[in-house]
Undergrad: 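Right, I'll just put the structure down here and ask away after.
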Amino acid sequence: MSEVVTLERQGAVAVITVNNPPVNALGVAVRDGLQKSFSAAEADAEVKAIVLVCEGNTFIAGADIKEFGKPPQSPSLPEVVNGIEAGSKPSIAVIHGTALGGGLEVALSCHYRIARKDAKVGLPEVKLGLLPGAGGTQRLPRVVGVEKALDMIVSGNPIAATEAEQLGVVDELFEGELLAAGLAFAEKLIAEGKGPRRTGERTDKLEGVDNAALVAAKRAEIEKKTPGLFSPQRCVSAVEASFTLPLEEGLKRERELFGECLVSPQRAALVHAFFTERQASKVDGLPKDTPVRDIKSAGVIGGGTMGVGIAMCFANAGIPVKILEISEEARDKAIQRARDTYGMSVKRGSLTEAALEKRMLLISGITDYADLSDVDVVVEAVFEEMGVKQKVFEALDAHCKPGAILASNTSSLDLNQIARFTKRPEDVVGLHFFSPANVMRLLEVVRGEKTSDEVLATAMAIGKKLKKVAVPVGVCDGFVGNRMVFQYGREAEFLLEEGATPEQVDAALRKFGMAMGPFAMRDLSGLDIGLAIRTRQRQTLPAEYKLPTILDKMAEAGMLGQKTGKGFYVYEKGSRTPLPNPELPAILQAASKEQGMERRELSDEYIIERTMYALINEGAKILEEGIAQRASDIDVIYINGYGFPAHQGGPMFYADAIGLDRVYARICEFHEQHGAWWKPAPLLEKLAKEGRKFADL
Ligand code: T1G
């Protein structure tokens with residue numbers, strides 16, 4: 001046996017224990033240890049039953065994702081699980097924490113499964129661009145039927161142990177000590193003379209149902225919802241084999257389809273997104289033992305949409321939070337807004353009434369800064385105007401206790417200037433939430449020039465506590481995400497002046513995988529926001545940095561987007577469905593004419609290049625200036641805050657996949673054709689000429 005898998009006998013029960021921190025992933029040592037341990041237990045005449053348990057916080061959480069893309073090592077996981085199922089002695093998987101992917105497949109190859117009540121089980125492979133490749137697509141349908149198996153495998157979402165028990169994935173729920181529960185269940189089996197119950201031999205759940213119709217319906221649903229994804233349809237084909245082929249051939253078919261997914265660029269991108277999301281929370285240069293301050297209570301300044309959303313994040317994490325507003329009426333409105341927002345979740349069934357009340361008990365309203373004297377952190381979410389920020393931070397400086405963290409949610413103002421409004425700039429940090437703050441996972445943690453290590457470490461810990469994807473960034477106009485999205489939006493507007501329509505640009509970018517096209521997004525957030533930034537920039541930018549004029553023309557025509565029922569699209573009363581705006585062609589013609597542009601046909605590929613390469617070029621500048629600590633942090637920000645498709649890996653991963661030499665050459669062409677904005681970032685030029693990638697930095 002190996003140190004990651006141990007075998008010992010307790011009476012007539014063989015106990016196999018996996019201990020491979022942090023999540024008992026099925027690396028080759030674990031697979032080898034499992035195979036050897038189950039074979040030894042099989043050969044031991046004294047052994048009448050086998051119990052499989054794991055140390056640490058969780059059962060096996062899957063294959064070792066770090067091994068993907070590397071040469072396969074024996075034994076393979078299918079070999080191991082098929083060997084477990086073939087065993088002649090009843091085997092019991094004792095599940096706690098999560099049994100995910102290969103972990104659930106190992107459990108399904110055991111003859112019985114028991115789970116701690118708070119455990120979860122699932123097959124999340126599709127989220128990594130894969131499919132369950134060790135029998136999950138053949139065994140799960142045999143336990144829960146094709147319909148539920150398709151749902152679980154195509155969504156990749158786990159289910160609670162209680163539901164797993166109702167479905168028969170788990171035979172019994174238990175509380176308390178793992179091994180005791182496993183031994184008790186094993187001894188019961190022995191006493192009842194129960195032998196192996198092989199999942200692969202079951203057919204009852206596959207019979208009497210029009211499984212072909214279920215498969216067809218799922219294929220249609222996937223085609224509609226995620227047409228660009230590679231693995232979901234292959235998940236369906238693998239499940240289809242569970243009822244069209246005998247087990248052996250079904251397993252073989254699964255392996256073929258798994259192999260197709262394994263080599264797909266989307267798998268590489270999704271695995272990149274998985275690991276880099278976790279890496280982003282590691283701050284380069286921050287000593288490991290940096291103390292983290294206790295955060296037991298919070299304050300939020302401003303009870304608008306952002307402020308209430310931020311307050312809800314603290315309440316969701318069980319942290320009492322006070323919302324400060326300028327009047328009792330505004331204060332009460334803010335509290336009501338929180339209640340109404342939670343109420344929508346209750347209506348959707350994603351929150352219980354009890355949970356709503358529990359969270360509302362944690363949210364209170366105040367109008368006096370003196371009531372913030374006891375809180376550990378305050379986040380201001382007031383109007384984006386430096387004068388207003390100054391008043392807030394001077395008041396916070398005067399009333400908050402020493403050591404309280406003073407955070408600004410500013411999305412573009414200079415955090416260093418804000419810090420200078422206080423006598424404690426070392427306690428000032430940026431916590432840039434994304435709207436709606438109680439939904440969006442991204443949190444840009446902005447380090448000011450004076451922000452202390454301890455405050456930065458605590459801000460990152462707050463992000464984790466609030467279940468955000470916290471990414472540390474430096475101070476500049478727009479930090480990382482907004483600074484890049486400005487380039488992307490500007491290029492999209494220029495494309496309208498050159499010949500494209502909003503529908504075409506949005507469709508091309510939706511097909512690329514963006515959650516929403518730039519013009520539908522503009523209509524949603526309101527054209528006046530973009531226009532305000534343009535106006536500010538016109539006053540500061542050198543003349544060679546031309547700006548599109550389409551927003552000005554639309555604002556002049558009173559078209560500000562959804563809020564006026566008309567923008568790049570028109571919206572019928574009470575509807576958010578974008579419809580073509582019949583007045584737009586004339587405005588586009590006028591804008592093109594004013595720019596002396598002959599409108600021309602633009603290809604989707606050209607639209608993707610002009611928008612994506614603008615992101616990449618700005619990302620390279622951000623890296624060069626040290627505003628982001630690594631290229632993958634930029635990917636994490638874009639995927640989690642701007643709807644960039646995880647299956648493309650993020651703008652910088654996407655650039656590496658194209659090849660920086662090609663990206664650089666194209667940007668040089670755009671620089672010639674479209675002027676100053678397209679000056680190539682020196683870092684991009686350097687890497688391109690050296691044949692290197694952003695990932696090599
Ligand atoms: N392989 C390798 N490392 C993993 C890992 C895995 N499967 N899962 C987590 N880690 C690392 C992670 O990178 C981090 O490392 C640390 O563990 C803690 O993770 C054949 C092919 C289990 C719910 O997709 O969903 O099985 O940053 O911060 O919040 O069919 O990790 O500390 O260095 O996320 O408590 C299928 C992925 C694989 C599960 C725990 N399994 N993991 O969440 O901790 S494919 C998955 C998770 C497969 C088979 C197929 C979560 C978690 P570091 P964490 P957490």
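Along the sequence shown, residues carry numbers from 1. Indexing begins at 1, ligand by ligand and atom by atom, following the structure's order. Computed from heavy atoms alone, side chains included, the values below leave out hydrogens, waters and symmetry copies.
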Undergrad: Can you list the residues that meet the salt bridge (Lys or Arg N to Asp or Glu O under 4.0 Å) rule with Arg293, with sequence neighbours excluded?
TA: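 Salt bridge (Lys or Arg N to Asp or Glu O under 4.0 Å) check on Arg293 returns Asp427, Glu454.
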Undergrad: With a 3.5 Å cut-off and sequence neighbours excluded, list the donor-acceptor pairs that the side chains of residues 629-645 form with protein atoms.
TA:
unit_1, atom_1, unit_2, atom_2, d
Gln629, OE1, Asp284, N, 2.8
Gln629, NE2, Lys282, O, 2.9
Gln629, NE2, Asp633, OD2, 3.2
Arg630, NH1, Gln279, O, 3.1
Arg630, NH1, Asp633, OD1, 2.9
Arg630, NH1, Asp633, OD2, 3.4
Arg630, NH2, Lys282, O, 2.8
Arg630, NH2, Asp284, OD1, 2.9
Asp635, OD1, Met652, N, 2.7
Asp635, OD1, Phe653, N, 3.4
Asp635, OD2, His272, NE2, 3.0
Asp635, OD2, Phe653, N, 3.2
Tyr638, OH, Gly481, O, 3.3
Tyr638, OH, Val485, N, 2.9
Asn640, OD1, Arg441, NH1, 3.4
Asn640, ND2, Val636, O, 2.9
Tyr642, OH, Asn482, N, 2.9
Tyr642, OH, Asn482, OD1, 2.7

Undergrad: If a pair satisfies side-chain hydrogen bond (donor to acceptor under 3.5 Å, both in side chains) and one of its residues is in residues 107-117, list it, with sequence neighbours excluded.
TA: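 Of all non-adjacent pairs touching residues 107-117, those that pass side-chain hydrogen bond (donor to acceptor under 3.5 Å, both in side chains) are Ser91-His111.
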Undergrad: Any chance you could lay out the side-chain contact (heavy atoms from CB on, under 4.5 Å) test for Ile159 and Val121, step after step, and finish with the verdict?
TA: CA-CA 6 Å; Ile159 60 173; Val121 302; 3.6 Å; yes
Undergrad: Does Arg255 make a cation-pi contact with Phe258 (under 6.0 Å, within 45 degrees of the axis)?
TA: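 So Arg255 does make the cation-pi contact.
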Undergrad: Indicate whether any N or O donor in one side chain lies under 3.5 Å from an N or O acceptor in the other, for Ser88 and Glu42.
TA: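 Ser88 vs Glu42: donor-acceptor pair found between side chains.
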Undergrad: Under 3.5 Å, N/O to N/O: give me all the pairs between ligand 1 and the protein, one per line with atom names and distance.
TA:
unit_1, atom_1, unit_2, atom_2, d
ligand 1, 1 (N), Ala63, O, 3.4
ligand 1, 1 (N), Ile65, N, 3.0
ligand 1, 3 (N), Lys66, NZ, 3.4
ligand 1, 7 (N), Ala63, O, 2.9
ligand 1, 26 (O), Ala63, N, 2.7
ligand 1, 26 (O), Gly102, N, 2.8
ligand 1, 27 (O), Lys282, NZ, 2.9
ligand 1, 30 (O), Glu105, OE1, 2.5
ligand 1, 30 (O), Glu125, OE2, 2.7
ligand 1, 30 (O), Gly133, N, 2.9
ligand 1, 34 (O), Arg278, NE, 2.7
ligand 1, 34 (O), Arg278, NH2, 3.2
ligand 1, 41 (N), Ala61, O, 2.9

